[in-house]
Peer 1: 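The structure under discussion is supplied below as C-alpha cells; questions concerning it will follow.
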Amino acid sequence: METFPNVFQCTAGQMELDETVAALAGHWREAYFHNSNPIVLELGCGRGEYTVGLAARCPEKNFIGIDIKGARMWAGAKEAIAQGLQNVAFLRTNIEMLTRFFAPDEVDEIWITFCDPQMKKATKRLTSTFFMQRYQEVMREGGLIHLKTDSPFLYTYTREMLRLNAYTVLADTDDLYNTNSPDNCLGAQASTPAFMEVPSPGGTMELAEAQMLQTHYEKQWLDRGMTIKYLAWKLLHKTDFQEPEIEIEKDTYRSYGRNYVSPTNH
C-alpha cells in the first residue's frame, strides 16, 4: 500500500497526522487531482469496486474511497492503477476522522454502499445523526448522499432518521431491481430496474449506471435472494439533530462467510 501513489494512510493509532495527508485538506482538487471537478467519497469502500467503477464511468468527477481495512482497499487501488485512472484516490483511515482530511464544502457527493448496519450502537451507523453532523462539516449544503444496502434494519433506520430531520429524500425503494416493489417511486415498467432519476452533476443517465454497479458483496446478497434497498437525499446543514428512538426489527442474517439465516425469516 505504501508504494501506491493513489493511496494515503493515516489511522487513528498514529499519534500525529501525516503531513502529506494533512496538506491535502481543502486542496484535493488542485494538489492531487489537478482539476476543479466535483469530489465524491465512497465511505466504507471495502475492495474499492464502487470507487473504481464510478471513476471509470464518470471521468468528470474525482473519487476517493475511504476505509480502515487496508487489505481490502489494496485490490481497488491496484485496479485503479492498472486501468490508468487519474480521478481515483484511496484514503485509509477511520471515517470519524473525515474533518481532518477535508475542508468545509470540499465534498460534493457521498456513496455509502453495503456498510455494516451496526444494529447495537447507533453512533456507529454511517447514516446516523452522529455521522450526518460530520458529513455536513465537509460537504456543501445540498450535496447528494446515496445509500445502497441489503439490510432491512439500516434501511428502516435511515428512513426514520431522514423523516425526523426533514431531509429532502430524492429516491426511496426497498427493492432497487424490482419495479413491482410497493416502495418503488418510479412506477416504471416491471421489466425495468427501478433506477431513480435523482438530479446529479453529470446527468441522470450517469446516475442510473452508478446505481447499476454491483459489488462483490451485493452479488452475494442477490444470489441469496435478498433485495437491495436504495435511498438518496440532499444534505442539510443543521444544528438540531434528532436521533430516531424507535424499535426496529433486527436483521436475521449475518454477513457473507458467517452463519447465514434465510432472508425469508425477516
Peer 1: Quick check against the 3.5 Å criterion: does Glu106 have a side-chain atom that pairs as donor or acceptor with the backbone of His27?
Peer 2: yes

Peer 1: After noting the C-alpha distance and the side-chain angles of Val40 and Asn62, does the key distance pass the side chain to side chain contact (heavy atoms under 4.5 Å, CB included) rule?
Peer 2: CA-CA 6 Å; Val40 183; Asn62 302 315; over 6 Å; no

Peer 1: Phe153 versus Glu249: any side-chain heavy-atom pair under 4.5 Å?
Peer 2: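 Side-chain contact under 4.5 Å: no.
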
Peer 1: Just checking, Arg125 and Tyr157: is the charged tip under 6.0 Å from the six-membered ring centre and within 45° of the axis?
Peer 2: yes

Peer 1: Mind checking whether Met139 and Asp105 have side chains closer than 4.5 Å, heavy atoms only?
Peer 2: no

Peer 1: Assess whether salt bridge (Lys or Arg N to Asp or Glu O under 4.0 Å) is satisfied between Arg159 and Asp172, documenting all intermediate values.
Peer 2: CA-CA 9 Å; Arg159 291 182 85 193; Asp172 177 1; 2.8 Å; yes

Peer 1: Test your reading of the model: is there a side-chain donor-acceptor pair from Arg92 to the backbone of Lys69, 3.5 Å cut-off?
Peer 2: no

Peer 1: Between Asn87 and Asn37, is a side-chain hydrogen bond (donor to acceptor under 3.5 Å, both in side chains) present by the stated rule, with each step listed?
Peer 2: CA-CA 9 Å; Asn87 61 330; Asn37 295 340; over 6 Å; no

Peer 1: Check whether any side-chain N or O of Thr158 sits under 3.5 Å from a backbone N or O of Thr127 as a donor-acceptor pair, and report yes or no.
Peer 2: no

Peer 1: Between Phe63 and Tyr50, is there a side-chain heavy-atom distance shorter than 4.5 Å?
Peer 2: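 Contact flag for Tyr50/Phe63 side chains = no.
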
Peer 1: For Tyr167, does its backbone N or O pair with a side-chain atom of Asn165 as donor and acceptor, under 3.5 Å?
Peer 2: no

Peer 1: Give the C-alpha distance, both sets of side-chain angles, the deciding distance and a yes or no for ring-ring contact (aromatic ring centres under 6.0 Å, His included) between Phe130 and Phe241.
Peer 2: CA-CA 9 Å; Phe130 174 85; Phe241 284 97; over 10 Å; no

Peer 1: For Glu96, does its backbone N or O pair with a side-chain atom of Asn94 as donor and acceptor, under 3.5 Å?
Peer 2: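 Judged by distance alone, no pair lies under 3.5 Å.
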
Peer 1: Strictly distance-based, threshold 3.5 Å: is any side-chain N or O of Asn6 a donor or acceptor partner for the main-chain N or O of Ala77?
Peer 2: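 Side chain of Asn6 to backbone of Ala77, a donor-acceptor pair under 3.5 Å: yes, one is there.
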
Peer 1: Has the side chain of His237 got a donor or acceptor atom that lies under 3.5 Å from a matching backbone atom of Gln136?
Peer 2: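 Checked: pair present.
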
Peer 1: Side-chain contact, heavy-atom cut-off 4.5 Å: Leu170 with Leu144?
Peer 2: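 Yes, at least one pair of side-chain atoms sits under 4.5 Å.
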
Peer 1: Flag the pair Trp233 / Thr168 as yes when at least one side-chain heavy-atom distance between them is below 4.5 Å, and no otherwise.
Peer 2: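 Answer no - side chains too far apart.
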
Peer 1: Taking the side chain as C-beta and beyond, is there a heavy-atom pair between Val88 and Ile64 under 4.5 Å?
Peer 2: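 Not touching, per the 4.5 Å side-chain cut-off.
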
Peer 1: Would you name the heavy atoms of Val138 and Phe102 that are closest together and state the gap between them?
Peer 2: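 Smallest heavy-atom distance, with atoms named: CG1-O, 3.5 Å.
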
Peer 1: Might you point out which heavy atoms bring Leu126 and Tyr135 nearest each other, and give the distance in Å?
Peer 2: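 Heavy atoms only, the tightest pair is O-OH, 2.6 Å.
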
Peer 1: Does Lys238 NZ have over 12 foreign heavy atoms under 6.0 Å away?
Peer 2: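 Enclosed.
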
Peer 1: Can we say Arg29 and Asp108 salt-bridge, meaning some charged N sits less than 4.0 Å from an Asp/Glu carboxylate O?
Peer 2: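 So Arg29 pairs with Asp108 through a salt bridge.
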
Peer 1: Counting distance only, does the side-chain N/O of Thr129 pair as donor-acceptor with the main-chain N or O of Met132 below 3.5 Å?
Peer 2: no

Peer 1: OG1/Thr156 to CD1/Ile248 distance, rounded to the nearest 0.5 angstrom?
Peer 2: 6.0 Å

Peer 1: Where is the tightest heavy-atom contact between Gln9 and Met1, given as atom of each residue plus distance?
Peer 2: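 Closest pair (atom of Gln9, atom of Met1, distance): NE2-CB, 3.5 Å.
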
Peer 1: Could you go through Glu137 and Arg134, starting from their C-alpha distance and side-chain angles, then the distance that decides it, and tell me whether this counts as salt bridge (Lys or Arg N to Asp or Glu O under 4.0 Å)?
Peer 2: CA-CA 5 Å; Glu137 291 186 51; Arg134 280 148 183 79; 5.6 Å; no

Peer 1: Distance from Lys120 atom NZ to Lys250 atom NZ, nearest 0.5 Å?
Peer 2: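 NZ of Lys250 is found 9.5 Å from NZ of Lys120.
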
Peer 1: How about Gln86: does its CD atom have over 12 heavy atoms from other parts shown lying under 6.0 Å from it?
Peer 2: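 At most 12 heavy atoms, drawn from other residues, nucleotides or ligands, come within 6.0 Å of this atom.
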
Peer 1: Looking at every non-hydrogen atom in both residues, tell me the closest pair between Pro117 and Asp251 and how far apart they are.
Peer 2: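 Scanning both residues completely, I find the closest heavy atoms to be CG-OD2, 3.9 Å.
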
Peer 1: Between Leu41 and Glu109, does the side chain to side chain contact (heavy atoms under 4.5 Å, CB included) criterion hold? Intermediate values first, please.
Peer 2: CA-CA 6 Å; Leu41 307 183; Glu109 196 168 346; over 6 Å; no

Peer 1: For Thr227 and Lys229, what are the C-alpha separation, side-chain angles and deciding distance, and is it a side-chain hydrogen bond (donor to acceptor under 3.5 Å, both in side chains)?
Peer 2: CA-CA 6 Å; Thr227 61; Lys229 292 81 176 158; 2.8 Å; yes

Peer 1: Less than 6.0 Å separating the ring centroids of Phe4 and Phe90?
Peer 2: no

Peer 1: Taking it one step at a time, do Phe101 and Leu91 satisfy side chain to side chain contact (heavy atoms under 4.5 Å, CB included)?
Peer 2: CA-CA 9 Å; Phe101 306 113; Leu91 175 59; 3.8 Å; yes

Peer 1: Classify the angle between the aromatic ring planes of Trp28 and Phe33 as parallel (below 30°), tilted (30 to 60°) or perpendicular (above 60°).
Peer 2: tilted

Peer 1: Please test Glu79 against Arg47 for salt bridge (Lys or Arg N to Asp or Glu O under 4.0 Å), starting from the C-alpha separation and ending with a verdict.
Peer 2: CA-CA 10 Å; Glu79 179 61 24; Arg47 301 181 181 197; over 6 Å; no

Peer 1: For side chain to side chain contact (heavy atoms under 4.5 Å, CB included), just list the numbers for Val52 and Gln83, CA-CA rounded to whole Å, side-chain angles, deciding distance to a tenth of an Å, and then say yes or no.
Peer 2: CA-CA 9 Å; Val52 174; Gln83 292 189 32; 3.7 Å; yes

Peer 1: Which heavy-atom pair separates Lys148 from Ile228 by the least distance, and what is that distance?
Peer 2: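 Closest approach of Lys148 to Ile228, heavy atoms only: CE-CG2, 4.1 Å.
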
Peer 1: Shortest non-hydrogen contact from Thr51 to Cys45?
Peer 2: OG1-CB, 3.9 Å

Peer 1: Determine, using the 4.5 Å side-chain heavy-atom cutoff (strictly less than), whether Met161 and Met119 are members of one ILVMFWY cluster.
Peer 2: yes

